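A quick write-up on the structure given underneath.
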2 protein chains.
Amino acid sequence: MRMDARKQDILLAIITDYIATAEPVGSRTIARKYRLGISPATIRNEMADLEDMGYIEQPHTSAGRIPSELGYRYYVDYLMKRQELTPEEEGLIRKSYHQKVRDVGEVIQRTGQLLSQLTKYAAMVLPPKIGTSRFKYIRLVQLGFEQAMLVAIMDSGTVHHRIIDIPRGITSEDLETISAVLNAKLQGRTMDSIKLTLVKEIYFELVKHKHIIELAMELLQDSLTRQPEDRIYLGGILNILNQPEFHNVEKVKTLLSLLEQESLLCNLLADDVGKEGVTVRIGREIRCRQMSNCSMVVATYRLKGKPVGSIGVLGPTRMDYARVVTVVEHLTKNLSRALEDLLGGWDK
Amino acid sequence: MRMDARKQDILLAIITDYIATAEPVGSRTIARKYRLGISPATIRNEMADLEDMGYIEQPHTSAGRIPSELGYRYYVDYLMKRQELTPEEEGLIRKSYHQKVRDVGEVIQRTGQLLSQLTKYAAMVLPPKIGTSRFKYIRLVQLGFEQAMLVAIMDSGTVHHRIIDIPRGITSEDLETISAVLNAKLQGRTMDSIKLTLVKEIYFELVKHKHIIELAMELLQDSLTRQPEDRIYLGGILNILNQPEFHNVEKVKTLLSLLEQESLLCNLLADDVGKEGVTVRIGREIRCRQMSNCSMVVATYRLKGKPVGSIGVLGPTRMDYARVVTVVEHLTKNLSRALEDLLGGWDK
DNA sequence: TGTTAGCACTCGATCGTGCTGAGTGCTAAA
DNA sequence: TTTAGCACTCAGCACGATCGAGTGCTAACA
């Protein structure tokens, strides 16, 4: 059995209708709503074929058909039509990105908000990856006798800080010295590139200040190379609860328990970092059993051409792919541009 | 009609049972489970009295009784017995606070986790209030030609940063100058205390550097005095969904939509900051209509004796007050102590 | 006077039943 | 090849009967 134009029309009609109504679609409905010029009986025959081919399925004998994962896949790959944003929506996006920002986090957050607002599903945004951003400025500030704060500003506009213990004898001047050396050696390097050779260099630089070298080394080894825990923007979870597929509390609970595991989400999002364009994962294509009735739409944003993070939407498999793909595409571009504007001129 | 010992016993039994089972309690159940030495019939009479007095109510004619808000209030005020933590739980807390921390945020987060873990309800923690913490160190770092990063370390261990625009002519040295003046003038001051007189002082200090004074002033007026948006730790929402009162999706939705409004929660928590001991708000005592079937247990933690933030638990009105109050009390003390250990020695 | 046993009554929850309507597959005619 | 017609299926819903937990009242009892 081969797919032909009429089968495609019918499959498209079924998926369109199901996405809109969340109800199984019958042959009658299609004949009435989508003027394909054929009768319900004919449609029934074709639907039987489509079911054999695995594109649609029947929840029970006396119900209409719903798309299978394969059906959605076919839809996304071949049938889906681009859906432009309305001028109002375009305006909303533009306005949002034209506001003054004080922080990269703010850009991330705004993107996430737009994403969930425009799609009505849950939105996820992975902030610029720390490993690939470059040190811009590092400083140790003495706090008490035994503690100091390490502050590092990265060229991705993020600031990292942590409290570190210092031996009692260390003075503010010692910390200045270490700060100066670290600055000189690390400026412009990425976290990932702090290798042994570099550590050695710093070692020799500091060897004249014997008493602080221990601290400096420990600091490098431990504080800087240990990745901070993954953070992620997650919003619009409420949207997803409005979807009829989450009308039962058990489903809500499993979903929420997944969404609480940030690191899991980070991995899911990170999987597609670097791919061109928008990636759609349908149902079990997300490698996560409890999300088998969900789909994800993910795209990578870039800074100076290099992929640094990604944004994604999570919704039921019955999601409005056409719309979501358009929105994700748009926002990826806008986010890349916004970051470029904010951070592009930082190379002094 | 007056409350007597037997009525108290019965009320206590009803509330205890209802907290444990979430089912209306009948006279028979009480006679069977709680050996009060009286028959169901007598209990029925007393229950009728308790209902007249407003401490319990009947969901419908042929059901048992459930505590009213007034009943819970009476329970919390007069009947509730202290409930000690098990040695395992004590151990868990101790272990958690003995881990090395890199950041005040980490202490906050750990407290929140413990709170939700130990109570099985939702936990909220308000981080140390920024307005009352003192500047420890301020610095402007040039990023590009037109942007700089302002970093401020507070003695509450938090770090604030934001990107600011600078006029094109400003050099790194100018920024150093401003940094130095800001440091000298602001160190040890609180955000709240940055008043006009202080601003004037800084003005005169910088008057010799005419070209940067504009920037510095703007910075003070705008960046520093404008409060950053409220942050709050919120966790264990999943716990609360396991409570039978949230078995219907509508309730879950209204609750989640409330919990998404962080500023609202902050206000609720902040209401009780400064009060001694643990505050219990039952049902409509939380001034928030949509939370009328919830209760909050809140306590203030301190740094050097001064209240700086608060921690709280949110659960259904039918919550295990005895346990929650104990846990909140414990964690408040532990949190205060942990912050003291971390930040206490920072006065140089 | 306070306590208790007995009894009639109430009412939510549960379960079975039958009906309805949307939808199908099959057959035979166009 | 398409379509009209028809028998069949089955989830969802409304209806009614039954069940049982729990009450309030009354009368007897200590």
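Within every chain, numbering begins at 1; the chains are lettered A, B, ... in the order of the sequence lines, protein sequences first and strands thereafter. Owing to the predicted nature of the structure, the values given are computational and were not obtained by experimental measurement.
- At least one side-chain heavy atom of Tyr121(B) sits less than 4.5 Å from a side-chain heavy atom of Pro316(B).
- A salt bridge is absent between Glu245(A) and Lys251(A): the closest approach of a Lys/Arg side-chain nitrogen to an acidic carboxylate oxygen does not fall below 4.0 angstrom.
- For the pair Met47(B) and Ile10(B), the minimum side-chain heavy-atom distance is below 4.5 Å.
- Considering only residues two or more places apart in sequence or on other chains, Arg284(A) meets the salt bridge (Lys or Arg N to Asp or Glu O under 4.0 Å) condition with Glu69(A).
- The separation between Ile30(A) atom CD1 and dG23(C) atom C1' is 12 Å, rounded to whole Å.
- Atom CG of Asp4(B) is separated from atom P of dG2(C) by 11 Å (rounded to the nearest Å).
- Within residues 35-48 of chain A, the residues having any heavy atom closer than 4.0 Å to DNA chain C are, in order of number, Arg44(A), Met47(A).
- Atom CD of Glu23(B) is separated from atom C1' of dA21(D) by 11 Å (rounded to the nearest Å).
- Counting to the nearest Å, the C1' atom of dT3(D) and the CZ atom of Arg28(A) are 14 Å from each other.
- Between the CD1 atom of Ile10(B) and the P atom of dT23(D) there is a distance of 11 Å, given to the nearest Å.
- Look at CD1 on Ile14(B): it is 9 Å from P on dT23(D), rounded to the nearest Å.
- For DNA chain C, the residues of residues 55-62 of chain B within the heavy-atom distance limit of 4.0 Å (strictly under) are His60(B), Thr61(B), Ser62(B), sorted by number.
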Step-by-step salt bridge (Lys or Arg N to Asp or Glu O under 4.0 Å) determination, Arg65(B) to Glu57(B): CA-CA 5 Å; Arg65(B) 305 306 215 288; Glu57(B) 44 199 34; over 6 Å; no

Arg323(A) and Glu89(A): CA distance, side-chain angles, deciding distance, salt bridge (Lys or Arg N to Asp or Glu O under 4.0 Å) verdict: CA-CA 12 Å; Arg323(A) 185 177 169 72; Glu89(A) 290 167 340; 2.6 Å; yes

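- Counting heavy atoms from C-beta on, the side chains of Met53(B) and Arg2(B) never come closer than 4.5 Å.
- Note on Asp272(A) versus Lys275(A): salt bridge recorded, some NZ/NE/NH1/NH2 to OD/OE distance being below 4.0 Å.
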Test log, rule salt bridge (Lys or Arg N to Asp or Glu O under 4.0 Å), inputs Glu329(A) and Arg82(A): CA-CA 11 Å; Glu329(A) 209 166 47; Arg82(A) 290 201 65 69; 2.7 Å; yes

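- For the pair Arg65(A) CZ and dA11(D) P, the computed distance is 15 Å after rounding to whole Å.
- Regarding Arg6(B), its CZ atom lies at a distance of 16 Å from the P atom of dT1(C), rounded to whole Å.
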